[in-house]
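Heads up, the thing below is written out as structure tokens.
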2 protein chains.
Amino acid sequence: MRRTIWIYGLMLGVLVVVFKTLEYKWLIKDLSWQWSLSLVAVLFMGLGIWFSQHLNKAKAPDRFKVNQTAIDTLGLSTRELAVLEKLTAGLSNQQIADALFVSVNTVKTHLKNAFTKLEVNSRVQAINKLKALQIVP
Amino acid sequence: MRRTIWIYGLMLGVLVVVFKTLEYKWLIKDLSWQWSLSLVAVLFMGLGIWFSQHLNKAKAPDRFKVNQTAIDTLGLSTRELAVLEKLTAGLSNQQIADALFVSVNTVKTHLKNAFTKLEVNSRVQAINKLKALQIVP
DNA sequence: TTTGTCTTCACCCAATCGGGTGATTGGGGC
DNA sequence: GCCCCAATCACCCGATTGGGTGAAGACAAA
């Protein structure tokens, strides 16, 4: 939002410069009134499109925002989240254990507790719920 | 793309009308040169932003389009796809069997073949690959 | 200090899953 | 007619998973 304000401010500044330039007809002394006007119109329409695209692109690559509220209400711990993240990547319990430098039993415990908190009873259901709750991308 | 062309054509039409209006100063006879120019600039920048947003919104509702090409190159059959779809929903083999009115063994066979074609060896990996290939949402 | 939570690990057991082999049926194409 | 392939099902086996119980250390809060 602050970004938008800055951009509009900048646009107004540019506007002033262009007007001053046109006012004294430094560059366009040979151009007629209509032509200079259309130039300005096209220029600013282009700028509008460009800025809009830019703003959109800035927020469009729908970068994932973790839903911390959901994590808190579910009561998922740090370690449980780490295990779930690996789970989402398609790793087996043994692979998760290797990745996190813990025993398979530990991974199983974390997953058991996480499943209980998520109210699911399979890995795929867990993943679907995590995605639905915006806890993982 | 054709849509864009239409819009730009329309914009040019509006441009002409505005210029004619300004040329004869029907509405702005009391306005100074700078003010009318800034009016045009702001107006067209706004139009540019508006059109850009509009175009973006038109294509943004990223509704899912099945990647039939990927399905064909992988050689996934109709039944395999049906099973994979249920799999994605988080169903167990038995639940898939009940949903599709076939035996669990059949489901297992389809899944086995599908896994081979997808070059994966677990349900979660299969889901990840299917999503990456845009075969399921 | 006691309590509670998080993290770690172990053992057990039933259910499920992944993977292999083999067989039958029906439809389409040669 | 013959062949191929999708679809269906069966059986087997080892690996994995889901779920239960228990316990120990660490650490923060009461």
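To find a chain, count down the sequence lines: A is the first, B the second, and so on, and within it residues start at 1.
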Donor-acceptor list for residues 81-88 of chain A side chains, cut-off 3.5 Å, not counting sequence neighbours:
from	atom 1	to	atom 2	distance (Å)
A:Thr88	OG1	A:Leu84	O	2.7

Between N or O atoms, less than 3.5 Å apart, protein on one side and nucleotides 3-12 of chain C on the other: list the pairs.
from	atom 1	to	atom 2	distance (Å)
C:dT7	OP1	A:Arg79	N	3.3
C:dT7	OP2	A:Ser77	OG	2.3
C:dT8	OP1	A:Arg79	NE	3.0
C:dT8	OP1	A:Arg79	NH2	3.0
C:dT8	OP2	A:Arg79	NE	2.8
C:dT8	OP2	A:His110	NE2	3.0
C:dC9	OP2	A:Ser103	N	2.7
C:dC9	OP2	A:Thr106	OG1	2.9
C:dC9	O5'	A:Thr106	OG1	3.3
C:dC9	N4	A:Thr109	OG1	3.0
C:dA10	OP2	A:Ser103	OG	3.1
C:dA10	OP2	A:Asn105	ND2	3.1

| task | Tell me, please, which residues at least two apart from B:Gln94 pass side chain to side chain contact (heavy atoms under 4.5 Å, CB included). | result | B:Ser92, B:Ala97, B:Asp98, B:Val104
| task | Produce a footprint string for nucleotides 25-30 of chain D: one letter per nucleotide, 5' end first; B if the base is under 4.0 Å from any protein heavy atom, S if only the sugar-phosphate is, - if neither. | result | ------
Please produce a list of atom pairs where a protein N or O lies less than 3.5 Å from an N or O of nucleotides 23-30 of chain C.
none

| said: My understanding is that only residues two or more places apart in sequence, or in another chain, count here; which of them pass side chain to side chain contact (heavy atoms under 4.5 Å, CB included) with A:Thr116? | reply: none
| Rounded distance (Å) that lies between atom P of D:dT8 and atom CD1 of B:Ile96 | 13 Å
| remark: residues 65-77 of chain A vs salt bridge (charged side-chain N to carboxylate O under 4.0 Å, His left out), sequence neighbours excluded, gives none
| field | Those residues that, when tested against B:Lys112, pass salt bridge (charged side-chain N to carboxylate O under 4.0 Å, His left out) (two or more places apart) | value | none
| Just how far, in rounded Å, is C1' of C:dT16 from CG of B:Leu87? | 13 Å
| Interatomic distance where CG belongs to B:Asn121 and C1' belongs to C:dC17 [whole Å] | 12 Å
| request: Can you pull out how bent the helix from C:dT1-D:dA30 to C:dC30-D:dG1 is, comparing the axes over its first five and last five pairs, to 10°? | output: 40°
| DNA chain C contacts made by residues 129-137 of chain A, counting heavy atoms under 4.0 Å | none
| message | Going by salt bridge (charged side-chain N to carboxylate O under 4.0 Å, His left out), name the pairs with one or both residues in residues 123-137 of chain A, residues two or more places apart or in two chains. | response | A:Glu119-A:Lys129
| Can you list the residues that meet the side chain to side chain contact (heavy atoms under 4.5 Å, CB included) rule with A:Asn113, with sequence neighbours excluded? | A:Glu80, A:Thr109
